[in-house]
Amino acid sequence: MAREYPIENVRNIGIAAHIDAGKTTTTERILFYTGKKHKIGAVDDGTAEMDWMVQERERGVTITAAATTCFWQDHAIHLIDTPGHVDFTVEVERSLRVLDGAIALFCAVGGVEPQSETVWHQADRYEVPRIVFVNKMDRVGANFDRVLDMMKDRLGANPLPLQLPIGEGPDFTGVIDLLTQKAMYWDATDLGQTYTEAEIPSELLDEVAQARENLFESIAVEDDALLEKYLGGEEITHTELLACLRAATLRRSLVPVLCGSSLKNQGVQPLLDAVIDFLPSPADVPPIEGIVPHSTSGDAHSEQDDKVTRTADDTAPLSALAFKVASHPTVDKLVYCRVYSGTLKRGEVIYNVRSGRRERVNRILQMHANKEAVSDAAYAGDIVALVGLKQTKTGDTVTDEKEPILLESITFPDPVISIAIEPERASDADVLEETLEKLMDEDPTFTVGIDKETGQRVISGMGELHLEILTDRMIREFGVKARVSKLQVAYRETINTSAEARGTHIHKTDEEGIYGDVLLSVEPLERGDGFQFDDETDETQIPRQYIAFIEKALEGAMGTGPRIGYPMQDVKVTVTGGSYHPTDSSEIAFEAAAVLAFENAVRKANPMILEPIMRIHITVPDEHVGKVIGDLNSRRAQINESTTQDASINVINAFIPLSETFQYTTQIRSMTQGRGAFTLEFSHYDVVPQSLAPGVNPVISR
């Protein structure tokens with residue numbers, strides 16, 4: 001059993017950008033031009049292939065990352081179309097974790113927008129090479145050079161244009177390829193399937209000559225041999241240019257930039273060529289690194305000895321990362337996996353490193369949105385969906401049991417918004433619980449808990465739209481009948497000053513004694529630093545075997561703050577003293593004493609309530625700017641900048657408390673006659689003004 005195509009001819013890529021930059025529209029053209037589908041779908045009329053969920057087609061936004069495989073120039077492209085809305089950042093995060101390369105899409109009018117920055121920095125974190133496609137060159141206000149400048153200023157990127165647009169806005173007619181020095185025009189009568197190459201318009205010759213000189217110079221400095229030829233006036237061949245540019249792209253020192261209009265079917269084929277020419281195959285990326293899990297041998301290893309790598313080789317031991325779990329109408333669930341090494345065959349038993357369990361792969365599926373094709377095997381570099389893995393969760397590593405490796409998991413942001421949910425009838429309780437479990441399995445940023453004060457079941461997520469979609473899915477997809485309360489803010493608590501306190505847990509009975517005594521201090525940390533623990537005691541005060549239990553107890557105590565009971569953050573705890581009894585002291589006694597000391601200390605340390613602050617990005621017509629800014633000021637927003645994007649549109653960037661944004665969609669539509677739009681992204685936590693500090697179990701609504 002062998003793979004259909006060599007690993008060098010595989011590309012694992014994603015398309016990522018700000019909402020409404022044209023990701024799904026571009027994906028539709030890619031599928032059409034590669035022959036994957038025979039009709040172009042549209043987002044606006046709900047026929048886009050990759051937006052297959054009912055909620056996606058109704059709202060015209062991508063909610064879940066959809067995977068597919070298509071072919072171009074004898075290369076297999078495993079493609080993931082990711083959401084642009086910040087509420088679904090989990091889909092982007094886990095997709096970038098398993099991709100080798102990405103297409104970053106920027107709107108020619110909006111340029112580098114807030115979610116564009118977020119996605120770019122996520123890709124930086126995972127060291128993903130990128131090419132850029134400046135889309136919507138046909139729109140009024142399109143400005144190719146402005147997008148390049150924004151990439152430099154806001155992203156710290158080194159963009160290298162490989163094309164120049166022929167006209168901008170309504171005058172956009174095609175592109176000039178700087179490498180071949182040809183103008184390219186697409187045929188509108190056949191949906192852009194064919195294009196012609198022609199001579200460069202005379203009025204653009206000087207601009208093209210300058211851009212081509214910059215191109216050669218930028219590429220030459222990436223390679224000493226090429227630079228020597230360039231400075232010596234020798235000819236640099238097209239093959240040499242491509243090879244050097246590919247190497248620079250893989251190093252992420254240069255970012256190739258192309259342009260076009262996906263909606264008008266212009267520029268997509270050169271984008272596909274660039275995917276093949278410049279983005280890496282699985283064989284081009286460094287071997288995946290992990291550790292040998294201790295539990296398999298029971299031996300103690302040094303940190304250095306634990307590290308192990310797997311190369312993208314079909315004959316190597318199996319290693320794969322589960323990056324997504326999805327419900328399925330006919331099977332228990334689908335587990336999407338990226339295979340990093342080895343070969344996975346249908347019917348094979350694999351080992352889950354996290355759970356320590358063996359699971360059988362009943363089926364291997366190649367996915368196309370919500371459609372699937374059965375495969376007999378998956379090879380190094382493949383992205384597939386597996387059926388039969390009942391215990392596998394997002395971030396789990398599945399491997400060969402004889403040679404296991406634990407890959408780095410995926411980290412996700414904490415939810416910032418909550419609602420209470422209860423079944424309509426007692427008989428619906430089990431169905432609701434089962435549905436919530438499935439949704440948590442799918443989405444790590446969706447959590448479920450019980451409010452200690454009211455006993456209500458509380459679900460939490462990344463934003464209003466996130467929870468709206470999930471509750472809508474409960475009703476439509478799973479048939480759950482439930483009542484949903486108003487939105488609640490996920491507040492936090494912290495301290496403002498340092499304090500010290502002692503906690504003792506001493507109890508004596510006829511049979512035994514209990515003795516624990518802990519002296520500790522608390523002090524505030526910088527916002528976002530979480531929890532830190534330090535121990536300044538010695539063996540004569542607290543025996544060393546109890547310190548780990550004290551730290552664990554204090555971490556647990558951070559879960560309930562002194563003001564209202566919200567989780568605490570940004571606190572450093574230092575154990576400064578204590579005492580013990582040679583026979584009566586125990587782990588439980590010191591845990592109880594530490595918690596008591598902590599509670600006493602934080603009460604004396606001026607505890608405060610923190611609220612989530614969101615970064616808001618608003619586009620609004622000029623005539624409504626004053627009204628919108630006035631409304632933002634009434635909502636405690638801190639406005640950073642207000643700039644004119646084109647002749648009539650203004651862009652406002654600000655920070656605003658999450659509690660002030662509920663129902664803002666309705667408000668901004670009302671203020672701007674339906675022409676204003678905004679996006680929200682979590683930024684940080686900050687102190688709630690004392691006069692607005694919430695009471696017990698606050699429900700905020702405007």
Side-chain angles (χ1 to χ4, degrees), residues 3-16 65 67 69-70 72-80 82 92-104 119-132 157-158 222-223 242-256 271-291 307-324 336-344 378-384 395 397-399 405-411:
R3 64 162 65 240
E4 296 178 36
Y5 32 81
I7 193 169
E8 293 77 15
N9 286 17
V10 174
R11 299 290 183 271
N12 291 316
I13 67 166
I15 301 183
T69 299
C70 55
W72 185 255
Q73 295 182 3
D74 298 323
H75 286 68
I77 301 175
H78 301 309
L79 175 65
I80 296 181
T82 63
V92 182
E93 187 78 28
R94 58 183 166 195
S95 298
L96 287 172
R97 171 66 175 82
V98 298
L99 293 174
D100 299 324
I103 300 171
V119 170
W120 190 272
H121 295 315
Q122 284 174 309
D124 279 341
R125 191 164 63 251
Y126 291 117
E127 299 182 349
V128 176
R130 275 143 280 173
I131 59 176
V132 165
N158 190 9
E222 296 289 329
D223 183 273
L242 287 182
C244 185
L245 180 52
R246 176 180 177 81
T249 305
L250 298 190
R251 288 195 303 271
R252 297 179 294 117
S253 56
L254 289 176
V255 182
L271 177 62
L272 283 165
D273 291 339
V275 167
I276 304 305
D277 290 339
F278 306 123
L279 291 183
S281 75
D284 292 320
V285 298
I288 191 71
E289 187 176 274
I291 60 170
K307 291 182 180 178
V308 64
T309 59
R310 293 278 191 271
T311 56
D313 184 344
D314 297 343
T315 62
L318 175 68
S319 65
L321 184 74
F323 68 94
K324 179 180 171 75
Y336 287 77
C337 288
R338 160 69 191 265
V339 181
Y340 283 100
S341 64
T343 301
L344 176 61
Y379 302 92
D382 283 352
I383 294 176
V384 293
T397 305
V398 292
T399 72
I405 180 176
L406 179 62
L407 304 178
E408 181 185 355
S409 190
I410 310 172
T411 56

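Everything numeric in this text was worked out from a predicted model, so none of it was measured.
- Considering all non-hydrogen atoms of both residues, Ala102 and Leu96 come closest at CB-CD2, 4.5 Å.
- In terms of heavy-atom proximity, Val398 sits nearest to Cys337 at CG2-SG, 4.5 Å.
- Considering CD1 of Ile383 and CG of Leu321, their distance stands at 10.5 Å, rounded to 0.5 Å.
- Across Arg246 and Pro280, no two heavy atoms sit closer than the pair NH2-CA, 3.9 Å.
- Note that the CG atom of Leu79 and the OG1 atom of Thr69 stand 8.5 Å from one another [nearest 0.5 Å].
- Under the 3.5 Å distance criterion, with hydrogens and angles disregarded, a donor-acceptor pair is assigned to the side chains of Ser319 and Ser341.
- Considering all non-hydrogen atoms of both residues, Leu250 and Leu279 come closest at CD2-C, 4.1 Å.
- Counting only heavy atoms from C-beta outward, the side chains of Ile13 and Leu99 never approach each other to under 4.5 Å.
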Quiz item: Could you go step by step and tell me if Gln73 and Asp273 meet the side chain to side chain contact (heavy atoms under 4.5 Å, CB included) rule?
Solution: CA-CA 8 Å; Gln73 295 182 3; Asp273 291 339; 2.6 Å; yes
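- Looking only at distances, no side-chain donor or acceptor of Asp74 sits under 3.5 Å from a matching main-chain atom of Asn9.
- Put simply, OG1 on Thr399 and CD1 on Ile405 are 8.5 Å apart, with the number rounded to the nearest 0.5 Å.
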Quiz item: Yes or no on side chain to side chain contact (heavy atoms under 4.5 Å, CB included) for Asn158 and Val255, after CA distance, side-chain angles and deciding distance?
Solution: CA-CA 6 Å; Asn158 190 9; Val255 182; 5.6 Å; no
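- No side-chain heavy atom of Val384 sits under 4.5 Å from any side-chain heavy atom of Tyr336.
- Distance CD1/Ile77 to CG/Asn12: 10.5 Å, rounded to 0.5 Å.
- Side-chain N or O atoms of Ser253 include one that pairs as donor or acceptor with a backbone N or O of Ala248 at under 3.5 Å.
- Without hydrogens or angle criteria, Thr397 side chain to Leu406 main chain gives no donor-acceptor distance under 3.5 Å.
- Taking all atoms of both residues into account, the shortest heavy-atom contact from Val119 to Ala16 is CG1-CB, 3.2 Å.
- Side-chain atoms of Thr311 do not come within 3.5 Å of backbone N or O of Pro287 as any donor-acceptor pair.
- Between Arg130 and Asp124 there is a salt bridge, since at least one side-chain N of the basic residue sits less than 4.0 Å from a carboxylate O of the acidic one.
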Quiz item: Between Arg11 and His78, is a side chain to side chain contact (heavy atoms under 4.5 Å, CB included) present by the stated rule, with each step listed?
Solution: CA-CA 6 Å; Arg11 299 290 183 271; His78 301 309; over 6 Å; no
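- Side-chain N/O atoms of Asp313 and Thr315 include a donor and acceptor closer than 3.5 Å.
- Taking OG1 from Thr249 and CD from Glu222, the interatomic distance works out to 9.0 Å, rounded to the nearest 0.5 Å.
- Judged by distance alone, with hydrogens and angles left aside, the side-chain atoms of Arg125 form no donor-acceptor pair with the main-chain N or O of Trp120 at under 3.5 Å.
- Looking at Val128 and Arg97, their side chains never come closer than 4.5 Å, going by heavy atoms from C-beta outward.
- A salt bridge links Asp100 with Arg338; the closest basic N to acidic carboxylate O contact falls under 4.0 Å.
- Contact record, Ala320 with Val339: CB-CA, 3.9 Å, taken as the closest heavy-atom pair.
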Quiz item: How far apart are the C-alpha atoms of Phe278 and Leu242, what are their side-chain angles, what is the distance that settles it, and do they pass the side chain to side chain contact (heavy atoms under 4.5 Å, CB included) test?
Solution: CA-CA 8 Å; Phe278 306 123; Leu242 287 182; 3.7 Å; yes
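- In this structure, the separation between OG on Ser281 and CD1 on Ile276 is 10.5 Å, given to the nearest 0.5 Å.
- Side chains of Asp382 and Tyr340 form no contact here, defined as non-hydrogen atoms less than 4.5 Å apart.
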